[in-house]
Number of protein chains: 2
Amino acid sequence: MRIGDVARRSGLPAKTIRYYEDIGLMSSGRDANGYRRFSEADLHKLAFLGRARSLGFSIEDCRELLRLYDDHTRASGDVKRIAEGHLARIDAKLEELGEMRRTLAHLVSACAGDDRPDCPILSDLAAAPAPPAGRE
Amino acid sequence: MRIGDVARRSGLPAKTIRYYEDIGLMSSGRDANGYRRFSEADLHKLAFLGRARSLGFSIEDCRELLRLYDDHTRASGDVKRIAEGHLARIDAKLEELGEMRRTLAHLVSACAGDDRPDCPILSDLAAAPAPPAGRE
DNA sequence: TTAATGCTTCCAGCAACTGGAAGGTCAAGG
DNA sequence: CCTTGACCTTCCAGTTGCTGGAAGCATTAA
């Protein structure tokens, strides 16, 4: 297959596939004319990457996951560790976003949203005490 | 005040303050020696920015919020619109992350995490149907 | 012959900073 | 007078994960 075919079949843009090859996440063969040539196994790998990325794994996580996937003597514990680390990051992000949402929703509901200038949102941004110290 | 003082009092790194000036989010005066000089009003503005950013508003949102803050003839509706738009983006992100978390937590709990190679996480990444089509 | 696809590479840019290098400025201490 | 140290300055590069676009070659059909 050529890159357009794998793009269609994997759901990944051709640009992204080239990018993945660029950063050494995967590799492909080449035809005489310089075009990339992909095997079913390559397609499989790309689909794997697409799935991992859609679960939010970082590129570096994906690199390691792919390595473990190829290594049939891997320990499932290694995979689980990566997934747990990622899960923890997701939870942290969820917490952070949830806190933002709480505050923001409160402010939004307090604002009349009319033509007058009085606005609790601006007042709060202007007057709240020190920034919540979070966000590191 | 000089930049170190506003940095301490606003909680923003000096680097960030320079960056904000760079992109025209705020401005400051200069001493004869070229050092930036900040007034209490400048500090106030930076604190405002810090708060808005900590609520997740984008830089462009912040620019607009600051403009509205300075404009005493603003309509609170304009502020509310920005906040509501941001809230919607947060909700979308929360949904997306929640979905990731669900899937991932499921996979993690199904994985033994021991020395053996069998791993439902890898199996799923390898075998799941087309990528969930999300993430645009 | 030409036009339409599809492929190639390379460069730039997005958000919002952050790190580091190279160097100027000022007050205190010896 | 000189040095040390804590500031400050600018500029350049890197982060994450792509994405857009330009310039140009390959292949096929009309």
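Keep in mind it's a predicted model, so treat the numbers as computed, not measured. Here is how names work: the chains are called A, B, and so on, in the same order as the sequence lines, proteins then strands, and each is numbered from 1.
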Is R30(B) close enough to dT10(D) that one of its side-chain N or O atoms is under 4.0 Å from OP1 or OP2 there?
yes
Give the rounded distance in Å between these two atoms: NZ of K93(A) and P of dT16(D).
15 Å
Quick test of your reading: applying salt bridge (Lys or Arg N to Asp or Glu O under 4.0 Å), list the pairs with at least one residue in residues 79-88 of chain A, sequence neighbours left out, ordered by first then second residue.
D78(A)-R81(A)
Can you see if the side chain of S58(A) gets near the phosphate of dT16(D) - specifically, an N or O under 4.0 Å from OP1 or OP2?
no
Sort me out a list of protein N/O and nucleotides 6-8 of chain D N/O pairs below 3.5 Å, or just none if empty.
{"residue": "dC7(D)", "atom": "O2", "partner": "Y35(B)", "partner atom": "OH", "Å": "3.4"}
{"residue": "dC8(D)", "atom": "OP1", "partner": "G4(B)", "partner atom": "N", "Å": "2.7"}

How close or far is atom P of dG24(C) from atom CG of D31(B), stated in whole angstroms?
19 Å
How would you label the contact of R37(A) with the nucleic acid (heavy atoms, under 4.0 Å): base, sugar-phosphate, or nothing?
nothing
Atom-pair distance (CG on L12(A); C1' on dG17(D)), nearest Å:
12 Å
Counting N and O atoms only, with roles assigned by atom type, does the side chain of R36(B) sit under 3.5 Å from a partner on the main chain of S28(B), one being a donor and the other an acceptor?
no
Rounded interatomic separation in angstrom, taking OH from Y20(B) and C1' from dA15(C):
11 Å
Could you tell me the separation between the CG atom of D61(A) and the C1' atom of dG17(D), rounded to a whole number of Å?
14 Å
Residues in side-chain hydrogen bond (donor to acceptor under 3.5 Å, both in side chains) with R101(A), at least two apart?
D91(B)
Apply side-chain hydrogen bond (donor to acceptor under 3.5 Å, both in side chains) to D31(A) and list each qualifying residue two or more places apart in sequence or on a separate chain.
R37(A)
Whole angstrom value for the distance that separates P of dG13(C) from CD1 of I23(B):
16 Å
Under the ring pair (Phe, Tyr, Trp, His ring centres under 6.0 Å) definition, can you give me all pairs with a residue in residues 21-64 of chain A, not counting sequence neighbours?
F48(A)-Y69(A), F57(A)-H86(A)
Can you check the I17(B) CD1 to dT9(D) C1' distance for me, whole Å?
15 Å
Would you please name every residue forming a side-chain contact (heavy atoms from CB on, under 4.5 Å) with E95(A), sequence neighbours left out?
none
What closest approach, in Å, do I17(A) and L12(A) show between heavy atoms, and which atom pair accounts for it?
CD1-O, 3.9 Å
Passes salt bridge (charged side-chain N to carboxylate O under 4.0 Å, His left out), D70(B) versus R67(B)? Steps please.
CA-CA 5 Å; D70(B) 282 342; R67(B) 200 189 61 69; over 6 Å; no
N33(B): which residues meet the side-chain hydrogen bond (donor to acceptor under 3.5 Å, both in side chains) condition with it, sequence neighbours left out?
none
Can you tell me how far C1' of dG13(C) sits from CD1 of I59(B), to the nearest Å?
17 Å
For dC26(C) and N33(B) - does any side-chain N or O of the residue sit under 4.0 Å from the phosphate oxygens OP1/OP2?
yes
Between protein and nucleotides 11-13 of chain D, what N or O pairs are separated by less than 3.5 Å?
none

Please round to 10 degrees the angle between the axis of the first five pairs and the axis of the last five pairs in the helix from dT1(C)-dA30(D) to dG30(C)-dC1(D).
40°
Name all residues meeting the salt bridge (charged side-chain N to carboxylate O under 4.0 Å, His left out) criterion together with D118(A); count only those two or more places apart in sequence or in a different chain, and write none if there are none.
none
Not counting sequence neighbours, which residues clear side-chain hydrogen bond (donor to acceptor under 3.5 Å, both in side chains) with T73(B)? List them please.
D71(B)
Any T16(B) side-chain nitrogen or oxygen under 4.0 Å from OP1 or OP2 of dA16(C)
no
Test: ring pair (Phe, Tyr, Trp, His ring centres under 6.0 Å). Region: residues 87-116 of chain A. Which pairs qualify, not counting sequence neighbours?
none
So which nucleotide from dT9(C), dC17(C), dG17(D) ends up closest to the side chain of R53(A)?
dG17(D)
